[in-house]
J.: 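Structure incoming, see below.
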Protein chains: 2
Amino acid sequence: MSELLASARERLCADGAANLSLRAVARDLGVSSSAVYRYVESRDALLTLLIVEAYDAVGLVAEEAAAGARAAASPPAQTWLAVARGVRTWALANPHSFELIYGTPVPGYQAPQDTVAAALRTWAVIVSIMLEGFDDGSLTPAGPDFDPDGLVTAEVFAFAGMGAPGDVPTETARGVVRSFTLFASLIGGLTAELYGHLHRVADDFPGVFDATIATAAAGVGLHIDLLG
Amino acid sequence: MSELLASARERLCADGAANLSLRAVARDLGVSSSAVYRYVESRDALLTLLIVEAYDAVGLVAEEAAAGARAAASPPAQTWLAVARGVRTWALANPHSFELIYGTPVPGYQAPQDTVAAALRTWAVIVSIMLEGFDDGSLTPAGPDFDPDGLVTAEVFAFAGMGAPGDVPTETARGVVRSFTLFASLIGGLTAELYGHLHRVADDFPGVFDATIATAAAGVGLHIDLLG
DNA sequence: TCGCAAGCGAGAGCGGCGCTCTTGACTCCG
DNA sequence: CGGAGTCAAGAGCGCCGCTCTCGCTTGCGA
């Protein structure tokens with residue numbers, strides 16, 4: 001079973017998610033195609049396993065980057081930059097895994113509950129950075145005013161340890177909503193780079209990525225220093 | 001040929017890009033599968049045609065939204081909001097077309113020159129809004145300082161009518177780089193919403209989208225009024 | 001020690017796919 | 001009337017996901 005997953009990972013790296021073939025994995029293992037079905041229910045189930053692995057991998061990368069930055073006493077803004085750079089490095093090294101989770105969903109669509117827990121790890125890192133910014137007062141949003149009521153689910157506030165939505169100060173709730181911009185700029189920036197939308201547009205990809213992340217973060221209120 | 005494209009569009013809407021089958025299109029047309037190869041070289045070539053159509057469609061939507069906002073004498077920030085909302089509406093109505101251009105590239109990768117011209121339409125809209133902001137002085141970036149030298153290609157400055165990179169003032173060049181954040185937040189926000197990353201996180205999808213766009217735009221220097 | 005059940009893999013087979021090649025019908029023009 | 005060109009159909013190749021049946025092995029209770 002672990003051999004099967006290893007072989008599938010390899011195939012994924014080589015051919016991409018769309019071309020991942022159960023028969024090819026079976027051939028790699030020197031086994032008949034039907035034998036694979038003893039271990040995995042279907043091709044989609046195999047993909048789901050790889051999706052969970054990918055979520056865990058990117059979550060781990062984000063956690064480690066954040067921990068490293070905090071160990072160096074970085075302010076929240078620099079911690080976020082470190083996380084974003086870490087995720088980018090991972091995505092460039094594992095483009096097919098990135099596709100798997102942030103690209104087009106392959107089947108009709110699914111999202112079994114297993115994937116949700118793994119996906120939360122990255123969100124947790126973002127939330128923790130926002131909270132850190134609230135606490136040390138370095139969070140000074142340039143972002144717009146808006147009414148945050150009803151935008152996000154109660155689960156999110158509970159997840160961030162803020163209690164019921166009614167108990168959350170308006171400015172804090174706005175901060176939570178704004179944190180989506182961190183996520184969106186990260187996914188969007190990586191999508192643009194990996195899928196060729198910067199072709200003939202950007203020359204210095206890491207530089208453009210940093211600038212994109214830092215500009216979006218400035219709207220959120222995290223002022224990243226790119227010159228230091 | 002036009003019937004073929006129409007049928008392919010229909011199949012795309014129904015089944016998605018990954019499941020678009022040349023044989024199915026042929027069946028819809030009441031024609032043998034081999035007959036389709038008279039008109040289109042391969043499945044990928046058919047997809048490329050649809051990709052160009054999608055780029056043109058989203059470009060047109062963006063242009064019309066910008067024109068409408070300008071006709072109403074909106075400031076650049078509100079024009080950008082109108083464009084983003086227009087693109088979102090289009091993406092929700094045509095999710096498979098959105099996937100085609102901003103999702104995972106289906107084949108190895110290609111990007112024939114045909115697609116580049118169509119893709120530029122959307123960039124042109126973004127650039128025009130930025131220039132408008134420069135001109136009327138409403139562009140006040142909260143974004144970080146960085147050295148913009150060498151980040152973007154000379155083509156971009158030429159495309160924006162700014163001449164050679166050496167002639168562009170540093171702050172203007174920074175603005176051009178920052179405009180990538182508009183693009184990234186748009187793609188990232190839509191990716192997150194369409195591909196289920198806001199599941200159990202956001203309640204009010206249009207509201208979260210607006211807030212995301214406006215927050216990122218604030219970093220760029222376009223201050224969108226969401227309350228008015 | 002024997003017998004049986006459970007687990008496992010191989011192979012054949014189904015329908016569908018992209019794509020190619022041959023064959024035959026139809027049209028147009030010298 | 002006859003050749004040339006255009007077009008579609010059909011068969012066929014190798015691939016895919018998936019199912020089913022059939023043997024082989026293993027292990028365990030009698």
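Below, chains carry the letters A, B, ... as their sequence lines are ordered, and counting in each starts from 1. Basis for what follows: all heavy atoms, side chains included, without hydrogens, waters or symmetry-related copies.
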J.: What is the distance, rounded to the nearest whole Å, between atom CZ of B:Arg11 and atom C1' of C:dG16?
T.: 13 Å

J.: Please work out if A:Ser33 contacts a base, only the sugar-phosphate, or nothing of the nucleic acid, heavy-atom cut-off 4.0 Å.
T.: base

J.: Can you confirm whether B:Trp80 sits close enough to B:Met130 that some side-chain heavy atom of one is under 4.5 Å from a side-chain heavy atom of the other?
T.: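 Side chain of B:Trp80 against side chain of B:Met130, heavy atoms only: no contact under 4.5 Å found.
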
J.: Return the value, rounded to whole Å, for the distance between atom CG of A:Asp44 and atom P of D:dC16.
T.: 16 Å

J.: Out of C:dG9, C:dG18, C:dC19, which nucleotide sits closest to the side chain of B:Ser21?
T.: C:dG18

J.: Would you mind telling me which of C:dA10, D:dC7, D:dG17 lies closest to the side-chain atoms of B:Arg38?
T.: D:dC7

J.: Just how far, in rounded Å, is P of C:dC17 from CG of B:Leu46?
T.: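 Distance check: B:Leu46 CG to C:dC17 P gives 14 Å.
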
J.: How are the rings of B:Trp123 and B:Phe183 set to each other: parallel, tilted or perpendicular (split at 30° and 60°)?
T.: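 Parallel.
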
J.: Looking at C:dC21, I'd like to know if its phosphate oxygens (OP1 or OP2) sit under 4.0 Å from a side-chain N or O belonging to B:Tyr37.
T.: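 Answer is no, no contact under 4.0 Å.
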
J.: From CG of B:Asp15 over to P of C:dG16, roughly how many Å is that when rounded to an integer?
T.: 14 Å

J.: Pick the closest DNA chain D nucleotide for A:Glu41 and for A:Ala24 by heavy atoms, then say which residue is nearer the 5' end.
T.: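 First, find each residue's nearest nucleotide; the 5'-ward one identifies A:Ala24.
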
J.: Nearest of C:dT20, D:dC18, D:dA8 to any side-chain atom of B:Ser32?
T.: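 Nucleotide nearest to B:Ser32's side chain: D:dA8.
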
J.: With distance as the sole criterion, is a donor-acceptor pair present between the side chains of A:Ser128 and A:Arg70 under 3.5 Å?
T.: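 On atom types as modelled, these side chains qualify, holding a pair under 3.5 Å.
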
J.: Mark yes or no for a side-chain to base donor-acceptor pair under 3.5 Å between B:Arg43 and C:dG18, with no hydrogen or angle criteria applied.
T.: no

J.: D:dG17 base to A:Arg23 side chain: any donor-acceptor pair below 3.5 Å?
T.: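 Present.
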
J.: Between B:Ser34 and B:Arg23, do the side chains contain a donor N or O and an acceptor N or O under 3.5 Å apart?
T.: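 No donor-acceptor contact under 3.5 Å links the two side chains.
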
J.: Whole Å only: how far is the CG atom of A:Leu47 from the C1' atom of D:dC16?
T.: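 One finds 14 Å between C1' of D:dC16 and CG of A:Leu47, rounded.
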
J.: Without decimals, in angstroms, what is the distance between A:Arg27 CZ and C:dG11 P?
T.: 14 Å

J.: Expressed in angstrom and rounded to an integer, what is the separation of B:Leu4 atom CG from D:dA8 atom P?
T.: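 To the nearest whole Å, that distance equals 10 Å.
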
J.: Find the distance B:Asn19:CG to C:dG18:P and express it as a whole number of Å.
T.: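 It is 10 Å, rounded to the nearest whole Å.
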
J.: When all nucleic acid strands are considered with a 4.0 Å heavy-atom cut-off, which category describes A:Leu20: base, sugar-phosphate, or nothing?
T.: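 Since only primed, P, OP1 and OP2 atoms lie under 4.0 Å of A:Leu20, the category is sugar-phosphate.
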
J.: Between C:dA10 and A:Ser34, counting only base atoms on the nucleotide and side-chain atoms on the residue, is there a donor-acceptor pair under 3.5 Å?
T.: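 Present.
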
J.: Within the 4.5 Å heavy-atom criterion, are A:Val58 and A:Thr122 side-chain neighbours or not?
T.: yes

